[in-house]
Every structure is written in structure tokens, then in C-alpha cells.
2 protein chains.
Amino acid sequence: MPAHDQSTRRTEQRRAILAALGSADRAFSAQELHERLRATEHGVGLATVYRNLGRMAEEGAIDAILRPSGETAYRACGHGHHHHLICRECGRVVELHDCGLSDWSRRIAAEHGFSEVEHQAELTGLCADCGAAA
Amino acid sequence: MPAHDQSTRRTEQRRAILAALGSADRAFSAQELHERLRATEHGVGLATVYRNLGRMAEEGAIDAILRPSGETAYRACGHGHHHHLICRECGRVVELHDCGLSDWSRRIAAEHGFSEVEHQAELTGLCADCGAAA
DNA sequence: GTGTTAATGAGAATCATTATCGATTGTAGT
DNA sequence: ACTACAATCGATAATGATTCTCATTAACAC
Ligand SMILES: [Mn+2]
Ligand SMILES: [Mn+2]
Ligand SMILES: [Zn+2]
Ligand SMILES: [Zn+2]
């Protein structure tokens, strides 16, 4: 009488992580999220934060953003192909569902005999608020 | 009578590092470069490899490429603004001095009230050789 | 409820990168 | 060529992020 089921379980920790990401408009690293979760509620173990972020990312539920420092940050984004416009001061993230690279990418790939080409792009700058700090 | 000079010294190690980078068409991480240098010649200390790559990168002498894993790889590139087309199989790097993002970047920035916007983009795929491995 | 087993969490282990600091060495000056 | 000295090197310790271990907990199908 084996309980045969390998589906994903709805744990309290995962709910907390998703909730934290969902309410923010910026991306958080595992460390940052762990810290933030420690305060509120009952906290979530660091390993659990890493595990869930990693899983959710490969399931496509959230987006992984690689910071210039090399750390990975995560954000609950809308679906479909898009890029990010990130404020390098406050971290605010704007989703860009209007991708202007497809044509360029395709053309370059052909010119150099490359196949199965993927592209990755990101814009960084100062958002309206942070840019006001003249 | 102090020897007042803070210029960059021409050390044997730096020459070796530059030579190794210059002969390759792919990017190397500090670890990889250290390993490669260990075989040939008299080898260079790991810390020295890190120091010099870091320095050369911020001096603009070489390019730093952030891999998806988070490690930083370096390559001796041509000057001026450009992007990279990288084979995800063999690591070959093609410099793209034809940047097709300026317009898109500018427009997006204006639309969202961002200023001082920089863009970063990279194409990955299979080069002609690696794509032949049907 | 009970059983099965995915999920958790405290802490050890990895791995890349950085910091130490005494030993070298490039160089301007003589 | 000889000196003086700061820049550089290199062996190694330290850091920091991420992953692994494994005993304990808790979803959830029956
Ligand atoms: Mn996104
Ligand atoms: Mn380059
Ligand atoms: Zn901002
Ligand atoms: Zn290739």
C-alpha cells in the first residue's frame, strides 16, 4: 500500500517565500530573503530558502537574475519572454516584455554560422526617483 | 631620495598571463588560467592571477565575462563597445562590434523615466563546428 | 489515524575569490 | 653595477555564497 506520489508538497516555508517575493518589485538573493523572513513569522532555514528558490526558478515560477557581483537574485515576474530594466541605486526592477533583440540576434547568429542561439540582455540605470537625487 | 614611482611594473607573471590570454579565442577563469600556466613555464601564483586579471580588467586591457554559474572569465578583446556571441559547447567567443541595442535601450529608458542607462547583452549558441555534432 | 517519503534545518563541506604578510624584484637614481 | 624602496609575488588563511548531509518533521494519499 505505497503512497505513490512525487508531487510538490505545499509547505508553509514555500508559501512564505513566494509571499515575500510576490509583494516586492525588486529582486532578492537567497541570503537577503532569508534575513527578511527571519524577522517576520517563524523564519525559514537558509538551506530551505536556497532549495526552494532554485527549484522555483527551474520550474519557471520565478526569475533568476545574475548580479554583476556573481550572486543570484530572484523575482516573481510575469510569464513569457522578457528582459529587465534595473535601477542600480534602489534595485527596482521593470519588466520589459517588449524585446528588441530577436531580429538582431537572428541575424548575428546566421552571419557567424551559429545555431540554437539564445540571447540575454539587461538594462541598468537610475529610476525616476533615484535620478532626482541630483 | 625616495624612488617615487607608482606606475605598473612589467613583471614576468603579467607577461605570461597576457600571452596566455592573447593566444586564445575563448575566455578563461582565473582558476583555469592558473592551471594552464602551471604546466608551461614556471607557473604563476593563484593570487597573482586573480590580482592581475582583476587589475587588467578594470584598466580596460581585457574583458570580464560573467558566466551563468557566477564565475568570472576573462578574454583579450578588441577595443570599443561590443558584445559577445559565445558557443556554449566549446566556449569560443566572437566579438560583436555591431551593437543593435542602442536605440532600443534609449527608447526603453525614456519610456520608464530612467537615466544614465547602460546595457549588457550576450548571445549564446552552438558554433559551426559544434553544431555539426548532429 | 497510519504509513510513506518529500521537505526542513542546523551545521559541515565546497568552491571561488579576497586578504595577509613576509620574501622578491622591477626601476629610478647614483 | 650598486642602492633603495615601493610594487609585486606567492603560500596560505580568511571570507562568503552556495551546496551537501542526515536526523527530524510534516504533507497527504489511503
Ligand atoms: Mn523577469
Ligand atoms: Mn569582449
Ligand atoms: Zn531607483
Ligand atoms: Zn563551439
Side-chain angles (χ1 to χ4, degrees), chain A residues 1-21 27-59 61-75 91, chain B residues 1-21 27-59 61-75 91:
Chain A
M1 309 68 175
H4 45 62
D5 180 64
Q6 68 219 49
S7 69
T8 299
R9 293 180 181 174
R10 314 300 174 64
T11 74
E12 190 56 32
Q13 291 85 341
R14 172 166 309 187
R15 184 200 61 65
I17 292 175
L18 263 183
L21 283 181
F28 293 102
S29 69
Q31 304 277 355
E32 294 168 343
L33 205 47
H34 173 249
E35 179 59 36
R36 168 159 305 207
L37 288 174
R38 177 191 320 202
T40 64
E41 322 243 356
H42 23 56
V44 179
L46 180 57
T48 299
V49 174
Y50 271 103
R51 261 188 305 248
N52 280 302
L53 288 177
R55 172 103 84 92
M56 288 154 82
E58 66 182 20
E59 286 175 347
I62 60 178
D63 259 35
I65 297 176
L66 193 57
R67 293 180 177 164
S69 65
E71 302 153 341
T72 307
Y74 301 85
R75 180 168 184 277
Chain B
M1 301 65 183
H4 45 60
D5 179 65
Q6 67 220 51
S7 70
T8 298
R9 292 182 179 174
R10 314 300 177 62
T11 75
E12 190 56 31
Q13 294 83 340
R14 173 167 306 191
R15 182 199 62 66
I17 291 174
L18 263 183
L21 283 181
F28 293 102
S29 70
Q31 304 277 354
E32 293 168 344
L33 204 48
H34 172 251
E35 178 60 34
R36 167 159 304 206
L37 289 174
R38 175 193 319 201
T40 66
E41 323 240 359
H42 22 56
V44 180
L46 180 57
T48 300
V49 174
Y50 270 103
R51 258 187 308 246
N52 279 302
L53 288 177
R55 173 103 84 93
M56 289 153 83
E58 67 182 21
E59 285 173 349
I62 60 178
D63 257 37
I65 297 177
L66 193 59
R67 293 181 178 165
S69 64
E71 302 154 343
T72 306
Y74 300 85
R75 180 169 186 278

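These values consider heavy atoms only, across backbone and side chains, with no hydrogens, waters or symmetry-generated copies. Chain letters run A, B, ... following the sequence lines, proteins first, then strands; residues in each count from 1.
- The CG-P distance, from A/Leu53 to D/dA17, rounds to 15 Å in whole Å.
- The side chain to side chain donor-acceptor pair (under 3.5 Å) test applied to A/Ser69 returns A/Glu71, not counting sequence neighbours.
- Interatomic distance, CE of A/Met56 versus CG of A/Leu18, reported as 3.0 Å (0.5 Å rounding).
- Here the side chains of A/Leu21 and A/Leu53 are in contact, with some heavy-atom distance below 4.5 Å.
- With hydrogens and angles ignored, no donor-acceptor pair closer than 3.5 Å exists between the side chain of A/Arg9 and the base of C/dA7.
- Take B/Ala47 and apply the side-chain contact (heavy atoms from CB on, under 4.5 Å) test, not counting sequence neighbours, and it matches B/Arg51.
- At a threshold of 4.0 angstrom between heavy atoms, the contacts of A/Thr11 are confined to the sugar-phosphate backbone, with no base atom among them.
- Partners of A/Arg14 by salt bridge (Lys or Arg N to Asp or Glu O under 4.0 Å), not counting sequence neighbours: none found.
- In this structure, B/Glu12 and A/Glu12 both approach DNA chain C, and ranking their closest nucleotides by distance from the 5' end singles out A/Glu12.
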**OP:** Going 5' to 3' through nucleotides 13-21 of chain C, assign each nucleotide B (protein heavy atom under 4.0 Å from a base atom), S (under 4.0 Å only from sugar-phosphate atoms) or - (no protein heavy atom that close).
**Re:** ---SBBBB-
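- At whole-Å resolution of the value, CG in B/Leu33 and C1' in D/dG10 are 16 Å apart.
- C/dT8 atom C1' lies 13 Å from atom NE2 of A/His42, rounded to whole Å.
- In this structure, A/His34 atom NE2 and D/dT18 atom P are separated by 13 Å, rounded to whole Å.
- With axes fitted over five pairs at each extremity, the angle between the ends of the helix from C/dG1-D/dC30 to C/dT30-D/dA1 is 50° (10° resolution).
- Partners of B/Glu59 according to the side-chain contact (heavy atoms from CB on, under 4.5 Å) rule, which considers only residues two or more places apart in sequence or in another chain, are B/Thr8, B/Arg55.
- To the nearest 0.5 Å, atoms OG1 (B/Thr11) and CD1 (B/Ile17) are separated by 7.5 Å.
- For B/Thr48, a side-chain nitrogen or oxygen approaches OP1 or OP2 of D/dG10 to under 4.0 Å.
- The distance from atom CD of B/Glu59 to atom P of D/dA7 is 14 Å, rounded to the nearest whole Å.
- Distance CG (A/Leu37) to P (C/dT8): 12 Å, rounded to an integer number of Å.
- The side chain of B/Arg10 contributes no N or O atom lying less than 4.0 Å from OP1 or OP2 of D/dT8.
- Phosphate proximity of D/dA26 to A/Gln13: absent, as no side-chain N or O sits under 4.0 Å from OP1 or OP2.
- Note: CD1 (A/Ile17) to C1' (C/dA7) measures 11 Å, nearest angstrom.
- By the side-chain contact (heavy atoms from CB on, under 4.5 Å) test, B/Glu32 pairs with B/Arg26, B/Phe28, B/Ser29, B/Arg67, sequence neighbours left out.
- Residues satisfying the side-chain contact (heavy atoms from CB on, under 4.5 Å) criterion with B/Leu46, sequence neighbours excluded, are B/Gln31, B/His34, B/Tyr50.
- In terms of the salt bridge (Lys or Arg N to Asp or Glu O under 4.0 Å) criterion, residue partners of B/Arg38 (sequence neighbours excluded) are, by chain and number, B/Glu35.
- Spacing between atom CG of A/Leu66 and atom C1' of D/dA17 amounts to 12 Å, rounded to whole angstrom units.
- Among the atoms of the strands shown, none is found under 4.0 Å from any heavy atom of A/Arg67.
- Residue-to-nucleotide contacts include no donor-acceptor pair under 3.5 Å from the side chain of A/Arg14 to the base of C/dA7.
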